[in-house]
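Here the structure is laid out as structure tokens; the discussion comes afterwards.
First the proteins, then the strands, lettered A, B, ... as listed; each starts at 1.
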Amino acid sequence: MDPYEPNQIEAKWQAHWDKNKTFKVETDSSKKKFYLLEMFPYPSGRIHMGHVRNYTIGDTLARFKRMKGFNVIHPLGWDAFGMPAENAAIKNNTHPAEWTFENIRTMREQIKALGLSYDWDREIATCHPGYYKWNQWLFLKFLEKGIAYRKNSTINWCEDCQTVLANEQVVDGCCWRCDNEVLQKQQEGWFFKITDYADRLLEGCKSLSGKWPEQVLTMQTNWIGKSFGAEVDFKVNGSDQVIKVFTTRPDTLYGAMFMVLAPEHPLTFQLSRETEQEAAVDAFVKKVKNQDTIARTSETGEKEGVFTGAYATNPLTGESIPVWTANFVLMDYGTGAIMSVPAHDQRDLDFARKYNLPVRIVIQPKDETLDADTMTQAFSADGAMVHSQNFDGLIGQEARKKVCEYLEKEGIGKATVNFRLRDWGVSRQRYWGTPIPVVHCDSCGIVPVNYDQLPVELPLDAQLGEKGQSPLHTLESFYKTDCPKCNAPARRDTDTLDTFICSSWYFDRYTSPRQEDSPFTAKDNGYWMPVDQYVGGIEHAILHLLYSRFFNLVLNDLGLTQAKEPFDHLLTQGMVIKDGAKMSKSKGNVVDPDEIIKSYGADTARIFILFAAPPVKDLEWSDQGVEGCSRFLKRVWRIFCEFADDVKTATPPDENFSTSVKELKELRRMTHVTIRRVTEDIEKRMQFNTAIAAIMEWVNHLYHFKEWKEKQKALSEPVKAVIREAMESLILSLSPFAPHIAQEMAAILNFSDALDQEKWPIYKEELTQTDEILIVVQVNGKVRQKVQVASGISDEDLKSLSLSDPRIQEWTQGKEIKKVIIVPKKLVNIVVK
RNA sequence: GCCGGUGUGGUGAAAUUGGUAUACACGCUAGUUUUAGGAACUAGUGCUUUCGGGCGUGGGGGUUCGAGUCCCUCCACCGGCACCA
């Protein structure tokens, strides 16, 4: 018997797969397709355990689906633009391109060493002109459709990264990448109108329910933040200006005692001119602008404001109310102005108390009386309207509807919806990204580059600035061009596109990865899309997954794609942790995948990662656990070698096979039960840990069977047939998890040289049955006896058998039997008193 | 504060439809084998016990013949959102 030598076996089969392009697939409408995708990696240098987990989960599913007869597309590529390349280039005095391609080479080798079943002919790198050309092409389409537009606005600026960030990329007021504080700046740039798609993105969330993790859908729903309410116009006294506010509580309109404008609101400046408040307002606005973002937007931040000197009229009461400006009102939500109803909104109440503004109760709670003079907690739940003239008595939804109808009739407002979602800012003042394909012309303005001039290539001879400033802004050979319209000298846009654009449609490109005249063909895309199963980390719950859904909708509208959603099913895997913390260099708890593969082999690494925890949960790394999985594969190998010679020429039992030998029946039962368990665990539950546990139990059983086998003088044909069936099934059911060892065993048995083309084993229901079953007998819900009975036993027989059991009688003696509950094939519960 | 998730042996975890709680693995204990160590194999391993049993899934309560699973309530931890009008 040869010892199990994973490194040798794995290198052999990996070379075989590579050479034969085993996992290459083609569009073929006669076959059922399955698109399995893992989130493509950023080529940061070396793979880490998070990658290993991600790809192992995906690969297991891909291999399983292939054996289930699907035409499985399983591609991999590189999210290759982005800042780390620039930082590393400055640090190591190299070029981002060189650094990136070197990393790709390293990581590709590491990934191949895991034995992942990728179609490498579809590999893409987003920094390749063949890819980013289509980013530019799509940008121009977006521009034509009015989805890409330019505006001057307050943007998030990261000083450290020297670039603008999208709202989604600001986490707790800090940069998502470098954790530095984000500043607010006025700057012009390109935006994508994702807000136009807010409703459709929201509807999509509903359709994905049950197929995506609820958590992700909730996060996206909250991020989009749709709220229903009303827009109401308040006339400014002594002026024809109108302050428009958004409120979700039009039923509290009679309680609006003052108004508050955002400091950035144009009326804040205008209304305070030539009043005694002018100087105070200017000072306040200046102060707020200098306040940092975190303090400004945190709930604990002190609410501060000043009176603008102006008054407006409450359109329903006709009263004059003061107009204030305050730091807690944000310019980019709603209209940048609010009506304040202190009795029914906590912020307004806090503010009113601080500045001695009046409070009026206009909503009456059911079983509570409110006192406007002393209340410290605003009543913000629904209740009956009071002090509201004709509306008195109306409650909640109904009340809001009636008020809106009235506002509309009077022409002073209307029911409306408002979103929290902002448009996506896509300009980046960086070098290592997709050049934006437009030209700025003094006479023609913004002019798109002609399609036949694409790609606008990123110059590779650029010298990076010391502090990371993009060289494009000063590189004459790049920016100097002629206007495509009037031919006058003009300047290219020197910003690059947010790298999230690359990842928003890369899954579409995989369907036609080398297409030269379009981003992808309708035929390929129509066949392969949507992605049937997407696997990745939850950290992209909003960013990448929302952007991709948005892109897909725009591509739908452009007639380029058909799939309503890009990712039909999503699995978000948990983190890999060690000693209770996420693996990180700073914590010194990193386990290098290469070393694990070197000492145990890829199959062991794969089995451990799948066995230690279900995919959605965090996985605690354990060296002893790895050791255990290695032991398991050695056990598999040994028991296989034990039987291999006996069954090299045998064939599994046919339809007419039957045996009365107990051990053979039991082995067949184990075989078929295990196939059922493994199939259902993968297919229905995506729980690989229990699937592997089932195989382990089966292997343990094979060791018991071996003891029986060794006692036989010679092996009869039926014995060989049953063992052969077990060995073939073991190979097949193990192959998605540990493909190399499975393939090696298959070859030794002359069973198969290409397990990916073999059919997944099918269990026979009748073979999973036992002749005898174990019945639990309870008295008053407590287990008192266990009995072996024939599996066909009738309820009546089971009942009398249980009642006459001596041990049961000890518990029922002298007691009245109230009821006997029988759960077929499982349990009897005797209720006594 | 709001929303979501999690809580089961010494450890990672099972329990799929309300029906034997702790499968599988790690660790530990003992045995076989071995010059020894390691490896391998076998058996055992929730707590407690007067050996009948009793207790046990974060705490308390409820529904039920029967609850890890359903309901209420509280606690702890994790994640998301957080002045969003």
Report summary line: As its Watson-Crick or G-U partner within any shown strand, both distances under 3.5 Å, B:U16 has none
Query raised in the report: So what's B:U35 paired with, Watson-Crick or G-U wobble, going by both distances under 3.5 Å?
Result: none
Name the pairs: protein N/O against N/O of nucleotides 60-63 of chain B, kept only if under 3.5 Å.
none

Report task. Give one of base, sugar-phosphate or nothing for A:F611, where a contact means two heavy atoms less than 4.0 Å apart. Result -> base
**Report entry** Contacts of type side-chain hydrogen bond (donor to acceptor under 3.5 Å, both in side chains), residue A:Q346, not counting sequence neighbours
**Finding:** A:D350
Query raised in the report: Does any pair with a residue in residues 334-344 of chain A pass side chain to side chain donor-acceptor pair (under 3.5 Å), and if so which ones, sequence neighbours excluded?
Result: A:S340-A:D348
Requested in this report: Measure the distance from CD on A:E627 to C1' on B:U11 and round it to the nearest whole Å.
Outcome: 16 Å
Report task. Check every strand shown and say whether A:R422 touches a base, only sugar-phosphate, or nothing at a heavy-atom separation below 4.0 Å. Result -> nothing
Query - Sequence-distant partners of A:R249, salt bridge (charged side-chain N to carboxylate O under 4.0 Å, His left out), two or more places apart - result: A:D251
Query raised in the report: Tell me the salt bridge (Lys or Arg N to Asp or Glu O under 4.0 Å) pairs involving residues 611-624 of chain A, sequence neighbours left out?
Result: none
**Report entry** A:E765: partners by salt bridge (charged side-chain N to carboxylate O under 4.0 Å, His left out), with sequence neighbours left out
**Finding:** A:R676
Query raised in the report: Considering Watson-Crick and G-U wobble pairs with both distances under 3.5 Å, what does B:U8 pair with?
Result: none
Report summary line: Sequence neighbours excluded, the answer for side-chain hydrogen bond (donor to acceptor under 3.5 Å, both in side chains) partners of A:K354 is A:E302
Query raised in the report: Reckon A:D618 touches a base, only the sugar-phosphate, or nothing at all at heavy-atom distances under 4.0 Å?
Result: sugar-phosphate
Query raised in the report: Does B:G46 adopt a syn or an anti glycosidic conformation, taking syn as a chi angle within 90° of 0?
Result: anti
Query raised in the report: Base, sugar-phosphate alone, or nothing: which one does A:S227 contact when heavy atoms must sit under 4.0 Å apart?
Result: sugar-phosphate
**Report entry** Nucleotide opposite B:U50 in a Watson-Crick or G-U pair, distances under 3.5 Å
**Finding:** none
**Report entry** Spacing of A:Q346 atom CD relative to B:A85 atom P, expressed in whole Å
**Finding:** 15 Å
Query - Sequence neighbours excluded, every pair satisfying salt bridge (Lys or Arg N to Asp or Glu O under 4.0 Å) that has a member inside residues 215-232 of chain A - result: A:D199-A:K226, A:E231-A:K244
Requested in this report: Using a heavy-atom cut-off of under 4.0 Å over every strand shown, decide if A:S622 touches base, sugar-phosphate, or nothing.
Outcome: nothing
Report summary line: As its Watson-Crick or G-U partner within any shown strand, both distances under 3.5 Å, B:G79 has B:C3
Requested in this report: Describe the nucleic acid contact of A:W621 in one word from base, sugar-phosphate, nothing, applying a heavy-atom distance below 4.0 Å.
Outcome: nothing
Give me, pair by pair, the N or O atoms of the protein and of nucleotides 41-45 of chain B that are less than 3.5 Å apart, along with how far apart they are.
unit_1	atom_1	unit_2	atom_2	d
B:C41	OP1	A:R635	NH1	2.5
B:C41	OP1	A:R638	NH2	3.1

Requested in this report: Name all residues meeting the ring-ring contact (aromatic ring centres under 6.0 Å, His included) criterion together with A:F228; count only those two or more places apart in sequence or in a different chain, and write none if there are none.
Outcome: none
Query - Selected nucleotide, minimal atom distance to A:Y333 side chain, candidates B:C3, B:A85, B:G27 - result: B:A85
Requested in this report: Could you encode protein contacts along nucleotides 14-22 of chain B as a string, one character per nucleotide from 5' to 3', using B for base contact, S for sugar-phosphate-only contact and - for no contact, with a heavy-atom cut-off of under 4.0 Å?
Outcome: SSB--BB--
Query raised in the report: Which nucleotide in the list B:G80, B:A85, B:G54 gets nearest to the side chain of A:R784?
Result: B:G54
Requested in this report: Tell me what A:R676 touches on the nucleic acid: a base, only sugar-phosphate, or nothing, going by heavy atoms under 4.0 Å.
Outcome: nothing
Query - Cation over ring face, A:R638 and A:Y4, 6.0 Å, 45° - result: no
Query raised in the report: Just checking, any donor-acceptor pair under 3.5 angstrom between side chains of A:Y600 and A:E627?
Result: yes
**Report entry** Rounded distance (Å) that lies between atom C1' of B:U6 and atom CD of A:E620
**Finding:** 16 Å
Query raised in the report: Paired with B:G44: which nucleotide, if any, by Watson-Crick or G-U wobble criteria at under 3.5 Å for both distances?
Result: B:C28
Report task. Between B:G53, B:G27, B:A85, spot the one nearest the side chain of A:W811, thanks. Result -> B:G53
Report task. Would you mind pulling out the nucleotide paired to B:G68, Watson-Crick or G-U wobble, both distances under 3.5 Å? Result -> none
Query raised in the report: Just checking, is any N or O donor in the side chain of A:N222 or A:R420 under 3.5 Å from an acceptor N or O on the other one?
Result: no
Below 3.5 Å, can you tabulate the donor-acceptor pairs from side chains in residues 808-815 of chain A to any protein atom, sequence neighbours excluded?
unit_1	atom_1	unit_2	atom_2	d
A:Q809	NE2	A:L803	O	3.2
A:T812	OG1	A:I808	O	3.3
A:T812	OG1	A:Q809	O	3.4

Requested in this report: Give a yes/no answer on whether the side chain of A:R249 brings an N or O atom under 4.0 Å of OP1 or OP2 in B:C84.
Outcome: no
Report task. Tell me yes or no: between the side chains of A:T690 and A:D681, is some donor less than 3.5 Å from an acceptor? Result -> yes
**Report entry** No-H, no-angle donor-acceptor pair, A:K303 side chain to B:C83 base, under 3.5 Å
**Finding:** yes
